[in-house]
Amino acid sequence: MNAAMNPTPVQPVPQPLLSARQLSVRFGGVLAVNNVSFDVQQGEVFTLIGPNGAGKTTVFNLISRIYTPTSGEIDYLGPQGLIRLTEQAPQDVAGLGIARTFQNIELFEHATVLHNLLIGRHTQRKTGLWQDLLFTRTAREAELKAREKAEEVIEFLDLQHHRDAMVAGLPYGVRKVVEVARALCTEPKLLLLDEPSSGLNVEETEDMAFWIQDIKNDLGITVLMVEHDMTLVSKVSDRVLAMNQGEVLAMGTPREVQSDPGVIEAYLGSVDDVSSLRRQTA
Ligand SMILES: Nc1ncnc2c1ncn2[C@@H]1O[C@H](COP(=O)(O)OP(=O)(O)OP(=O)(O)O)[C@@H](O)[C@H]1O
């Protein structure tokens, strides 16, 4: 058999988990997002950075379906195959394997850590109201599975010590981890983290970086985050998308984006800021 009859096998290109195409969002006279396209690959940590008002949160809210784009679309490789995410109802997003945390923690303050996790898991429940009320076998099995998952996540994120504590009494850094835990209880394919380091001190931010790496490496979950702390961004991101005034400025590895002249000028502003960024990411 000659070489022409036995060609080198072509490696299949992995399908992106999420593909945003030419997204634009207009709020009255403000073009918050202008023709933004990007792919998020399966298993990567993809981070949106940019100065205040760049449009990061708006892009984030398009993915979690809080907003609908003025134009453009987002495709997503969900548990049932490729779907047009921008056509899904907001309340269906969690059921599609997309979980999120919030910049300002949104937990039930007067419930324990375990109960918050069980509530988070509720989006996965396939049982109906009557099954739950009558506590049928299916409902019992779902309840058992929810508890197993919650315990597994508590152990994974080292929250055993806080398992039965009221959220209201926990330090802020622990609450941030509980929010991540609640999201993980839904067994997401895509985890959206909105400024995971906001409000955390240096040590807590380092811990958060470890958790994000473990979530990616040990659980194989794809992470898309908005983040300002460049130390955290550089440590955990595979790729970074820098935005400014609603537009894409640069996309690439943290190092590539950080040395992009457009990013340095628009995002960092001054030479002092650039040196401080280099020190942080060295
Ligand atoms: N619901 C809204 N109604 C009107 N304007 C909005 C709305 N949401 C965002 N904007 C505007 O869109 C632009 C982009 O805002 P966005 O919150 O997406 O930026 P950001 O990059 O997340 O900023 P930050 O880092 O401060 O959170 C800003 O000019 C903002 O004022």
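Counting starts at 1 for both ligands and their atoms, in listed order.
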closest protein heavy atom to atom 9 (C) of ligand 1 is F27 CE1, 3.6 Å

for atom 26 (O) of ligand 1, nearest protein heavy atom and its distance come out as N52 OD1, 3.2 Å

Might you work through the side-chain contact (heavy atoms from CB on, under 4.5 Å) test for L190 and I63, ending with a clear yes or no? CA-CA 10 Å; L190 176 64; I63 296 167; 4.3 Å; yes

When you look at K176 and S198, which way does the side chain to side chain donor-acceptor pair (under 3.5 Å) test go after all the steps? CA-CA 9 Å; K176 284 285 257 204; S198 79; 3.2 Å; yes

Which of the atoms in ligand 1, numbered in the order shown and given with their element, are less than 4.0 Å from a heavy-atom of H228? 25 (O)

Distance to 0.1 Å, residue and atom name: give those for the protein heavy atom nearest to atom 27 (O) of ligand 1. T57 OG1, 3.4 Å

Should you measure from each heavy atom of P51, which atoms of ligand 1 turn up under 4.0 Å away? 21 (O)

Run the contact test for G28 against ligand 1 with a 4.0 Å cut-off on heavy atoms, strictly below, and give the result. no

What protein heavy atom sits nearest atom 23 (O) of ligand 1, and how far off is it? G53 N, 2.8 Å

When you group the ILVMFWY residues by side-chain heavy-atom contacts below 4.5 Å and let the links chain together, are V153 and L219 in the same group? yes

Protein heavy-atom partner closest to atom 12 (O) of ligand 1 - residue, atom, separation in Å: A32 CB, 3.2 Å

Considering only heavy atoms of A54, which atoms of ligand 1 have at least one such atom less than 4.0 Å away? 19 (O), 20 (P), 21 (O)

The residue among V59, T58, T57 that forms side-chain contact (heavy atoms from CB on, under 4.5 Å) with N61 is T57

If you scan protein heavy atoms around atom 25 (O) of ligand 1, the nearest is K56 NZ, 2.8 Å

Taking atom types as modelled, find out whether R100 and S64 have a side-chain donor-acceptor pair closer than 3.5 angstrom. yes

Which residue holds the protein heavy atom closest to atom 15 (O) of ligand 1, what is that atom called, and what is the gap in Å? T58 OG1, 3.9 Å

Count I, L, V, M, F, W, Y as connected when their side-chain heavy atoms are under 4.5 Å apart, and connections chain through other members. Are I83 and F38 then in the same cluster? yes

F156 and W211 aromatic ring geometry - parallel, tilted or perpendicular at 30°/60° bounds: tilted

Do R21 and S19 have a side chain donor and acceptor closer than 3.5 Å? yes

With the threshold set at 4.0 Å, does a side-chain nitrogen-carboxylate oxygen contact exist between R147 and E151? no

Measure from atom 30 (C) of ligand 1 to the protein's non-hydrogen atoms and state whether any distance is below 4.0 Å. no

Identity and separation of the nearest protein heavy atom to atom 1 (N) of ligand 1: Y67 OH, 3.2 Å

Out of curiosity, is G55 lining ligand 1, as in a heavy atom under 4.0 Å away? yes

